[in-house]
Amino acid sequence: MSTYDFDLFVIGGGSAGVRCARIAAGHGARVAVAEERFWGGTCVNVGCVPKKIMVNAAEYAGWADDAPAFGWQIEKGAFDLAALKARRDTEVARLNGIYGKLLGNAGVTSFDARASFIDAHTLDVGGKRVTAERIVVAVGGHAVRPDIPGAELGMLSDDVFDLKEVPKRLIVVGAGYIALEFACVFAAFGAKVDVVYRDILPLRGFDQDIREALPEALEAQGIRLHPNSRLARLDHQGGHLRLSLMGGEAVEGDAVLFATGRVPNTRGLNLAAAGIDCTARGAIEVDAEHRTTAPNIYAIGDVTDRLNLTPMATAVGHALADTLFGNNPRHASYDNVPTAVFTSPPIGTVGMTEADAAVQGPVDIYLARFTPMRHTISGRPGRKALMKLVVCQRTRKVLGAHMLGEDAPEIMQGIGIAVSMGATKEDFDRTIGIHPTAAEEFVTLRTRTREAGLRAAAE
């Protein structure tokens, strides 16, 4: 018999931690989980789930505007955020409860408490001393405010879910997933939205063609973009907020949302007592096995700051449990992970960007930009779709697929399977398209748009 209280103790009851705990318990391990805030973590409570419900709600505004072109007369009344909040919060509470039930049904011991390290095998869990042979840190991350005077006057992404009324004028600071998704949502809800960001283009790290096409779609919704801007300070002024920028310009609004980044939740864990090293950003350092600098302690999910996506964290948690307790050593691959940005229109992407692929060798680019059938009828501006394949010239493998357009996330899930399997351009070409759909464009892209990469640059 083990001399420890548990075979595995998981700190954090989000997607990664709960999956790891459940699978480990299914393999026969004695498992416990501690969660100090809410079960299900950021994604279920103040992240992707409630945000997607708001995205769904925002879509009705455009559909109502499109309706007359299709013969429907729909009167669009005022939007009631409080009503949506009530329905959304009910669903979040339901999912929150499911996470607790999943752990209980799996035989996992749950602690509604904060856990911190005493040593590499010992934890302080809400004032109780608990020991474990192995420990997994899965505490996720949290949003941060910029370091400017008056930053406390602005909201973070968590605060959005407490709003009961739509601000008349909303300033969004940032140009990543969270910033742009909420900018589109609140513009559809009727707010006048300004987006302030440092780069020339939004969505740093995404494919360049997507980044260049997105501003047109945002501006068509009335969203005002302020690229290449640096923050100076935020002040109350005459009943509203004034965000001053370097250079003397300013943007005024009734509310400000800071969506300028997230950092790992490592503060207060007393990691040094267990011999766990962190990066300068506070992320826990791990090896390929997700093992920390303490041999019996692992870290998974956003606390490692590798690829901060819920499905990735869940997959890593499952693989780690199988490796440690299921006699099935395996890894969850970080390659070719599909992802989506729920802007309006949304973005779906999988695999390499053109720039990343071109560094490795010559690639062929296939690209189409067109107005989908729906909007040739509706006439709604800013709804052009962009679809792109990045293809290795030598192997003909599709290295990356990128789309801006309606249903992009749903389409990209299937494309992701093909890219992960190593499908070639010829595999795409011989697949019969579903007509009439936008998705068929991915299998009818026949003419190379351009060549990129080492050889193209040399020529």
Side-chain angles (χ1 to χ4, degrees), residues 10-20 34-37 40-48 51 114-117 135-147 156-158 173-181 197-199 202-206 258-272 274-295 297-320 331-341 349-353 356:
V10 179
I11 306 175
S15 300
V18 168
R19 176 63 66 88
C20 185
E35 171 56 49
E36 66 171 325
R37 189 178 180 191
T42 296
C43 179
V44 168
N45 295 277
V46 288
C48 25
K51 175 200 68 183
R114 179 176 182 79
S116 60
F117 285 94
I135 298 171
V136 170
V137 183
V139 293
H142 65 274
V144 292
R145 288 181 170 82
D147 185 16
L156 296 176
S157 56
D158 288 13
V173 180
Y177 286 70
I178 296 170
L180 299 180
E181 288 171 343
Y197 52 99
R198 292 182 300 175
D199 288 348
L203 286 181
R204 183 176 57 186
F206 280 72
F258 290 118
T260 51
R262 298 176 65 85
V263 297
N265 276 330
T266 48
R267 180 176 294 181
L269 292 178
N270 198 25
L271 298 175
I276 300 172
D277 291 343
C278 293
T279 67
R281 276 178 48 83
I284 295 179
E285 294 183 357
V286 294
D287 61 15
E289 311 297 325
H290 281 269
R291 191 189 305 268
T292 71
T293 46
I297 301 173
Y298 300 80
I300 58 177
D302 290 8
V303 74
T304 65
D305 201 24
R306 293 187 66 182
L307 186 58
N308 298 337
L309 298 169
T310 296
M312 190 71 241
T314 303
V316 169
H318 196 139
L320 181 60
H331 295 90
S333 175
Y334 282 86
D335 296 329
N336 296 322
V337 177
T339 189
V341 186
T349 182
V350 64
M352 303 178 76
T353 66
D356 288 341

Original post:
Taking the side chain as C-beta and beyond, is there a heavy-atom pair between I135 and Y298 under 4.5 Å?
Top reply: no
**OP:** List the atom of A175, the atom of L180, and the distance in Å for their closest heavy-atom pair.
**Re:** O-CD1, 3.7 Å
**OP:** Check the pair V144 / R262 against side chain to side chain contact (heavy atoms under 4.5 Å, CB included), numbers first and verdict last.
**Re:** CA-CA 6 Å; V144 292; R262 298 176 65 85; over 6 Å; no
**OP:** Using a 4.5 Å cut-off on heavy atoms from C-beta on, say whether the side chain of R204 contacts that of R198.
**Re:** yes
**OP:** Spell out, as yes or no, whether a donor-acceptor pair under 3.5 Å connects the side chain of S116 to the backbone of N270.
**Re:** no
Original post:
When you measure from the side chain of T293 to the backbone N and O of D277, does any donor-acceptor pair fall under 3.5 Å?
Top reply: yes
Original post:
Considering only heavy atoms from C-beta outward, does the side chain of P264 approach that of H142 to under 4.5 Å?
Top reply: no
**OP:** Test F117 against I276 for side chain to side chain contact (heavy atoms under 4.5 Å, CB included), laying out the working first.
**Re:** CA-CA 10 Å; F117 285 94; I276 300 172; 3.9 Å; yes
**OP:** Return the set of residues passing ring pair (Phe, Tyr, Trp, His ring centres under 6.0 Å) with Y177 (not counting sequence neighbours), or none when no residue passes.
**Re:** F206
Original post:
Can you tell me how far OG1 of T292 sits from CD1 of I284, rounded to the nearest 0.5 angstrom?
Top reply: 7.0 Å
Original post:
Taking only residues two or more places apart in sequence or in another chain, which ones pass disulfide (SG to SG under 2.5 Å) with C48?
Top reply: C43
Subject >> Sub-4.5 Å side-chain heavy-atom contact between S157 and V46 >> reply: no
**OP:** Among residues two or more places apart or on two chains, list those pairs meeting salt bridge (Lys or Arg N to Asp or Glu O under 4.0 Å) that have a residue in residues 300-315.
**Re:** R281-D305
**OP:** Kindly write out the residues that satisfy side-chain contact (heavy atoms from CB on, under 4.5 Å) with D335, not counting sequence neighbours, or none if the list is empty.
**Re:** S333
Subject >> Close side-chain approach of R37 to R114, heavy-atom, < 4.5 Å >> reply: no
Original post:
Do N265 and V303 come within less than 4.5 Å of each other through their side chains, counting heavy atoms only?
Top reply: no
**OP:** Measure the shortest side-chain to side-chain distance between L271 and C278 over non-hydrogen atoms and say whether it is less than 4.5 angstrom.
**Re:** yes
Subject >> pair V350-T339: side-chain heavy atoms closer than 4.5 Å >> reply: no
Subject >> Heavy-atom closest pair, residues V136 and C20 >> reply: CG2-SG, 4.2 Å
Subject >> Atom pair NE2/CD1 of H290 and I297 - distance to nearest 0.5 Å >> reply: 16.0 Å
Original post:
What are the two closest heavy atoms between G205 and T353, and how far apart are they?
Top reply: O-CG2, 3.8 Å
Side-chain donor-acceptor pairs under 3.5 Å in residues 309-319, sequence neighbours left out?
from	atom 1	to	atom 2	distance (Å)
T314	OG1	T310	O	3.0
H318	ND1	R19	NH1	3.2

Original post:
Heavy-atom count around D287 CG within 6.0 Å, excluding the residue itself: above 12?
Top reply: yes
**OP:** Check for a donor-acceptor pair, side chain of N45 on one end and backbone N or O of G41 on the other, with a separation under 3.5 Å.
**Re:** yes
Original post:
Where do N336 and G351 come nearest, in terms of heavy atoms and distance?
Top reply: OD1-CA, 3.4 Å
**OP:** Starting at CZ of F258, measure out to CG of L156 and round the result to the nearest 0.5 Å.
**Re:** 8.5 Å
**OP:** Not counting sequence neighbours, list each pair that qualifies as a salt bridge (Lys or Arg N to Asp or Glu O under 4.0 Å) and has a residue in residues 263-272.
**Re:** none
Subject >> I300 to G17 - nearest heavy-atom pair and separation >> reply: CD1-N, 4.4 Å
